[in-house]
Amino acid sequence: MALPSTLEHDALTRAVVIAEALCALPAVATLDWCDQAATALAPTFDPSVALVVVANLDPRGQILSVEAAGVAEHGKQPEAPASESRIATPNDPESRVRRLRSRAERASELGVVIGEAGLARGAFTTAARATPGDWRGTSIGRLWNGIPAEDVVIAVLPLNPQKPGRSLILEVASTGRSPAGSSTASDVGMSVLRAAAPLLLRRARIAIPDVDGQGAQWLTTREQQVLEELTLGKSVRQIADELERSPHTVHDHVKSLHRKLAASSRGELISRALGHLDKTDRPARQVEVKPTARATTVSLDDSPKLRMVRDEDAD
């Protein structure tokens, strides 16, 4: 569906804002990576609530396991009408976010049939298009229960096309009433999400790769603090003094960082932290650093069917 010029300009503006935020995402698997990604994607709508999940899916859309989930709100959130909430819950924004995160971490189904091709190439849809009738009565609606969502745009992006299943799930709900109508707002949101998806996918493949089928090596909060201090050029002794820990404890954190980031030297560790290397790069390639993420193009098909993401070799 072609968007009016004003809405097209609005979509472009939102995509630029999101792209700037995505470029600042951590290049390693920090515990708040999904929260930061959700914060970056939240301007897809105004106001909105965004959810980012790293999970393993099957072709039927069943969620086999969840590695991490993050949630963020954007703009002034309206209160949920009692008629739209099947469970009596307070309208406190922090409570809504906590409940959404908790449900996402325990979810057993996506609510959308992906298929083998969708798992390998990715897919885009909306809650309204993916389900017949009122989507609020489906598993998608149960996930978003208590949040006054007009519609939810959904993307499933493959973190490893060669091993389909491990996916980045993006869901952004429009929580305000659009003067142009909910369907038009969803089209704008879909355009924004499709534009942002390739960059987010590249950042995710650098930060949370699946090496040897073990999934991401998520850093603890303390390891993240130590890594940040290392990138500032501080010694183990200086970091120990800064964190009020013993040098031996800090040294153990550094060893763990080397293992999780597959780094064989301090320089390589910092390079990975800054996103100049990812875990699939070999030490011999340190002289000429090339990210191994693949370029991703997104189909512009605007039909109600799932939209596919194709991955092509950057070379």
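Because the structure is predicted, anything quoted here is derived from the model rather than measured.
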Take Leu143 and Val152 through the side-chain contact (heavy atoms from CB on, under 4.5 Å) test and state the conclusion after the steps. CA-CA 11 Å; Leu143 174 65; Val152 182; over 6 Å; no
What's the verdict on side-chain contact (heavy atoms from CB on, under 4.5 Å) for Thr249 and Leu243, showing C-alpha distance, side-chain angles and the deciding distance? CA-CA 10 Å; Thr249 298; Leu243 300 180; over 6 Å; no
Quick one: do Asp151 and Ser174 satisfy side chain to side chain donor-acceptor pair (under 3.5 Å)? Show the steps, please. CA-CA 6 Å; Asp151 198 1; Ser174 171; over 6 Å; no
For Val192 and Leu41, what are the C-alpha separation, side-chain angles and deciding distance, and is it a side-chain contact (heavy atoms from CB on, under 4.5 Å)? CA-CA 9 Å; Val192 173; Leu41 289 177; over 6 Å; no
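For the pair Val112/Ile140, a side-chain contact is recorded, criterion being any heavy-atom separation below 4.5 Å from C-beta on. At least one side-chain heavy atom of Ile208 sits under 4.5 Å from a side-chain heavy atom of Trp218. A 4.5 Å side-chain heavy-atom check between Phe124 and Val153 finds every atom pair outside the cut-off. Looking at Val28 and Leu257, their side chains never come closer than 4.5 Å, going by heavy atoms from C-beta outward. Put simply, the side chain of Arg136 does not reach to within 4.5 Å of the side chain of Asn145, judged on heavy atoms. A heavy-atom distance below 4.5 Å is not found between the side chains of Gln238 and Glu242. Considering only heavy atoms from C-beta on, Lys76 stays 4.5 Å or farther from Pro47 through its side chain. With a 4.5 Å cut-off on side-chain heavy atoms, Leu232 and Glu228 do not count as touching.
Of the inter-residue distances, the one linking Ser139 atom OG with Gln62 atom CD reads 8.5 Å to the nearest 0.5 angstrom. How far OG1 of Thr220 is from CD of Gln225: 8.5 Å, rounded to the nearest 0.5 Å. Of the inter-residue distances, the one linking Leu193 atom CG with Ile154 atom CD1 reads 10.0 Å to the nearest 0.5 angstrom. How far CG of Leu100 is from OG of Ser95: 12.5 Å, rounded to the nearest 0.5 Å. Considering CD of Glu67 and CG of Leu159, their distance stands at 8.0 Å, rounded to 0.5 Å. One finds the CG atom of Asp252 at 13.0 Å from the CZ atom of Arg222 (value rounded to the nearest 0.5 Å).
Minimum heavy-atom separation, Arg266 to Lys234: NH1-O, 3.7 Å. The minimum heavy-atom distance between Val49 and Thr175, with the atom names listed, is CG2-CG2, 4.0 Å. Of all heavy-atom pairs spanning Pro59 and Val113, the tightest one is O-CG1, 3.8 Å. Nearest heavy-atom pair, Val172 versus Ser48, reported as atom, atom and distance to 0.1 Å: CG1-CB, 4.2 Å. Considering every non-hydrogen atom in both Ala27 and Arg203, the closest pair reads N-NH2, 4.2 Å. Taking both residues in full, the closest heavy atoms of Cys34 and Ala68 are given as SG-CB, 3.9 Å, listed atom of the first, atom of the second, then distance.
Within the structure, salt bridge (charged side-chain N to carboxylate O under 4.0 Å, His left out) pairs that include any residue of residues 54-64 comprise Asp58-Arg60 (at least two apart or interchain).
Cluster annotation: Leu168 is connected to Leu31 through the hydrophobic network of ILVMFWY side chains, with a link wherever side-chain heavy atoms come within less than 4.5 Å. Linking ILVMFWY residues whenever their side-chain heavy atoms come closer than 4.5 Å, directly or via other members, leaves Val17 and Leu25 in distinct clusters.
Within the 3.5 Å criterion, the main-chain N or O of Ala11 finds no donor-acceptor partner in the side chain of Thr13. In this structure a side-chain-to-backbone donor-acceptor pair under 3.5 Å is missing from His253 to Glu223. Judged by distance alone, with hydrogens and angles left aside, the side-chain atoms of Arg205 form a donor-acceptor pair with the main-chain N or O of Pro158 at under 3.5 Å. Distance alone, capped at 3.5 Å, is enough to place a donor-acceptor pair between the Arg272 side chain and the Ala262 backbone.
Between Asp35 and Arg101 there is a salt bridge, with a side-chain nitrogen of the basic residue lying less than 4.0 Å from a carboxylate oxygen of the acidic one.
None of Val52, Val54, Val53 except one satisfies the side-chain contact (heavy atoms from CB on, under 4.5 Å) rule with Ile169; the exception is Val53.
Counting non-hydrogen atoms of neighbouring residues, nucleotides and ligands closer than 6.0 angstrom, the NE2 atom of His251 reaches no more than 12 such neighbours.
Under the rule for a side-chain hydrogen bond (donor to acceptor under 3.5 Å, both in side chains), the partners of Arg106 that lie at least two apart in sequence or sit in another chain are Ser102. Taking Arg245 as the reference, nothing meets the salt bridge (charged side-chain N to carboxylate O under 4.0 Å, His left out) condition, with sequence neighbours excluded.
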